[in-house]
A.B. asks: 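Mind having a look at this structure? Questions to follow.
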Amino acid sequence: MITTLADAWVNLKGVPNIVGILVGGVTALIAATVALLGAVIAALVSLRNTRKTLDHAKETLEVARASSARAAATFIAEKRQKWIDELRADVAAHLAESQEYLWKWDGARQRAAEVMNDNALLLDDRTTKMKVLALEFSDKNGVIDRSHQERHHRLRFRLNPNEADHLRLRDYLDEIRKIFDDTARIKDRDTAIALIARLETLVAEADTLTNEILKTEWERVKQEVAYPDRMIAKIPPPA
């Protein structure tokens with residue numbers, strides 16, 4: 001019976017090649033430990049490399065996403081700038097043409113009155129001259145009328161019905177167009193003068209409001225270029 005460490009050692013010594021066995025076991029344990037440490041170190045290195053790769057991929061993705069957002073924002077800003085330029089040009093031409101149209105009508109009526117009141121001309125001569133004046137005016141007036149009507153609809157389509165300032169400008173344009181049409185039907189000069197006065201008021205109000213709209217849109221252009229992520233985030237996904 002083994003009762004002490006010395007007894008155990010005596011028994012172990014009786015085992016053939018016990019020293020070799022013990023040394024072999026220790027060597028195997030050390031080898032296994034070294035292999036395990038090697039595997040752990042290799043796994044840690046691999047994990048670090050994987051993290052670096054993922055971090056690099058994430059950075060690349062962020063750069064690509066930021067570049068894409070900025071490109072989209074720049075594209076939209078360019079379209080908005082084009083919209084601003086076209087609105088400015090169209091409104092300026094439209095308001096000027098509206099005033100010119102009414103002034104031409106007023107001038108035509110004055111010339112007609114002068115012809116009809118010219119007692120130095122025979123009635124037939126006055127009638128002939130009136131027809132010539134009417135024909136010349138009709139040709140020029142028809143071109144202006146078509147241009148004005150086309151631009152009127154183009155401006156209305158360009159404006160956003162969901163924005164208050166845009167709706168107000170559309171109302172001004174609609175009233176200007178109505179005056180434009182009414183001018184051809186009036187008979188007396190007092191009514192013509194009243195329409196001209198109203199048109200001048202509308203032109204001034206439309207001019208001021210257009211400047212406010214253009215300023216607002218220009219601020220949007222600057223914000224879209226400076227903060228592309230916010231601009232992209234506002235775009236709803238497709239249904």
Side-chain angles (χ1 to χ4, degrees), residues 56-105 140-184 195-239:
H56 178 70
K58 183 178 179 181
E59 291 176 1
T60 302
L61 183 61
E62 287 296 322
V63 170
R65 186 194 61 78
S67 177
S68 177
R70 184 163 296 280
T74 300
F75 174 79
I76 294 174
E78 289 174 352
K79 295 299 182 182
R80 191 183 296 279
Q81 183 61 57
K82 185 174 183 292
W83 181 92
I84 289 173
D85 295 339
E86 291 178 348
L87 181 68
R88 181 188 295 110
D90 268 353
V91 170
H94 200 65
L95 298 182
E97 192 172 66
S98 300
Q99 290 178 305
E100 179 186 6
Y101 182 83
L102 265 66
W103 292 335
K104 284 185 175 181
W105 263 106
K140 296 178 181 178
N141 185 63
V143 174
I144 295 176
D145 184 55
R146 286 191 296 273
S147 170
H148 190 273
Q149 186 174 20
E150 178 183 344
R151 192 183 300 108
H152 170 72
H153 291 299
R154 186 166 65 242
L155 283 168
R156 292 186 87 260
F157 291 149
R158 183 172 287 134
L159 296 170
N160 187 349
N162 296 321
E163 297 193 33
D165 285 347
H166 290 227
L167 280 175
R168 284 174 57 205
L169 183 55
R170 287 179 66 171
D171 289 341
Y172 290 156
L173 295 174
D174 288 344
E175 187 174 353
I176 288 173
R177 182 61 201 177
K178 185 177 185 305
I179 291 175
F180 203 92
D181 293 336
D182 290 344
T183 297
L195 287 179
I196 291 173
R198 176 56 185 161
L199 178 70
E200 290 177 348
T201 298
L202 287 170
V203 166
E205 292 176 348
D207 181 88
T208 299
L209 184 56
T210 300
N211 281 326
E212 293 175 2
I213 292 173
L214 294 175
K215 180 180 179 181
T216 298
E217 296 300 325
W218 172 237
E219 290 300 322
R220 287 177 178 173
V221 169
K222 293 190 292 185
Q223 290 173 358
E224 287 168 355
V225 173
Y227 306 102
D229 288 341
R230 295 184 184 181
M231 186 275 296
I232 296 298
K234 293 179 181 178
I235 300 177

A.B. asks: Are the side chains of Gln99 and Leu102 in touch, meaning some heavy atoms are under 4.5 Å apart?
C.D. replies: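 Gln99 vs Leu102: side chains apart.
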
A.B. asks: Once you round to the nearest 0.5 Å, how far does CG of Leu155 lie from NE2 of His94?
C.D. replies: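 Atom-to-atom, Leu155:CG and His94:NE2 are 6.0 Å apart.
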
A.B. asks: Nearest 0.5 Å, what's the NZ-NZ distance between Lys79 and Lys82?
C.D. replies: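 Those atoms lie 6.5 Å apart.
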
A.B. asks: Do the charged groups of Arg168 and Asp165 touch, with an N to O distance under 4.0 Å?
C.D. replies: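 Salt bridge: yes.
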
A.B. asks: Any ring-ring contact (aromatic ring centres under 6.0 Å, His included) involving residues 155-180? Give me the pairs, sequence neighbours left out, ordered by first then second residue.
C.D. replies: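 ring-ring contact (aromatic ring centres under 6.0 Å, His included) check on residues 155-180 returns Trp83-His166, Tyr101-Phe180, His148-Phe180.
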
A.B. asks: Taking the side chain as every heavy atom from C-beta outward, state whether Ile84 and Gln81 have any atom pair closer than 4.5 Å.
C.D. replies: yes

A.B. asks: Under the criterion side-chain contact (heavy atoms from CB on, under 4.5 Å), I'd like the reasoning laid out for Asp174 against Lys178: C-alpha separation, chi angles, the key distance, then a yes or no.
C.D. replies: CA-CA 6 Å; Asp174 288 344; Lys178 185 177 185 305; over 6 Å; no

A.B. asks: Identify whether the distance between the nearest side-chain nitrogen and carboxylate oxygen of Arg177 and Asp181 falls below 4.0 Å.
C.D. replies: yes

A.B. asks: Passes side-chain contact (heavy atoms from CB on, under 4.5 Å), Leu199 versus Leu195? Steps please.
C.D. replies: CA-CA 6 Å; Leu199 178 70; Leu195 287 179; over 6 Å; no

A.B. asks: Holding to side chain to side chain donor-acceptor pair (under 3.5 Å), I want the full list of residues that pass it with Arg158, two or more places apart in sequence or in another chain.
C.D. replies: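 Checked Arg158 against side chain to side chain donor-acceptor pair (under 3.5 Å); matches are Glu86, Asp90.
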
A.B. asks: Can you check whether Glu205 reaches Thr201 side chain to side chain, under 4.5 Å on heavy atoms?
C.D. replies: yes

A.B. asks: Tell me which one of Arg156, His152, Glu150 satisfies side chain to side chain contact (heavy atoms under 4.5 Å, CB included) with Arg154.
C.D. replies: Glu150

A.B. asks: Output yes when Asp85 and Arg88 qualify as a salt bridge under the 4.0 Å nitrogen-oxygen rule, no when they do not.
C.D. replies: yes

A.B. asks: If you measure from CD on Glu200 to CD1 on Ile179, what distance do you get to the nearest 0.5 Å?
C.D. replies: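 Here the interatomic distance stands at 10.5 Å.
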
A.B. asks: For residues 213-221, dump all side-chain donor-acceptor pairs below 3.5 Å to protein atoms at least two apart in sequence or in another chain.
C.D. replies:
from	atom 1	to	atom 2	distance (Å)
Thr216	OG1	Glu212	O	3.0
Glu217	OE1	Arg80	NH1	2.6
Glu217	OE2	Arg220	NH1	2.9
Glu219	OE2	Lys222	NZ	3.1
Arg220	NH1	Glu163	OE2	3.1
Arg220	NH2	Glu163	OE1	3.3

A.B. asks: Taking the side chain as every heavy atom from C-beta outward, state whether Leu95 and Thr210 have any pair of such atoms under 4.5 Å apart.
C.D. replies: no

A.B. asks: Give, for atom CD1 of Ile176 and atom CG of Asp171, the distance between the pair rounded to the nearest 0.5 Å.
C.D. replies: 11.0 Å

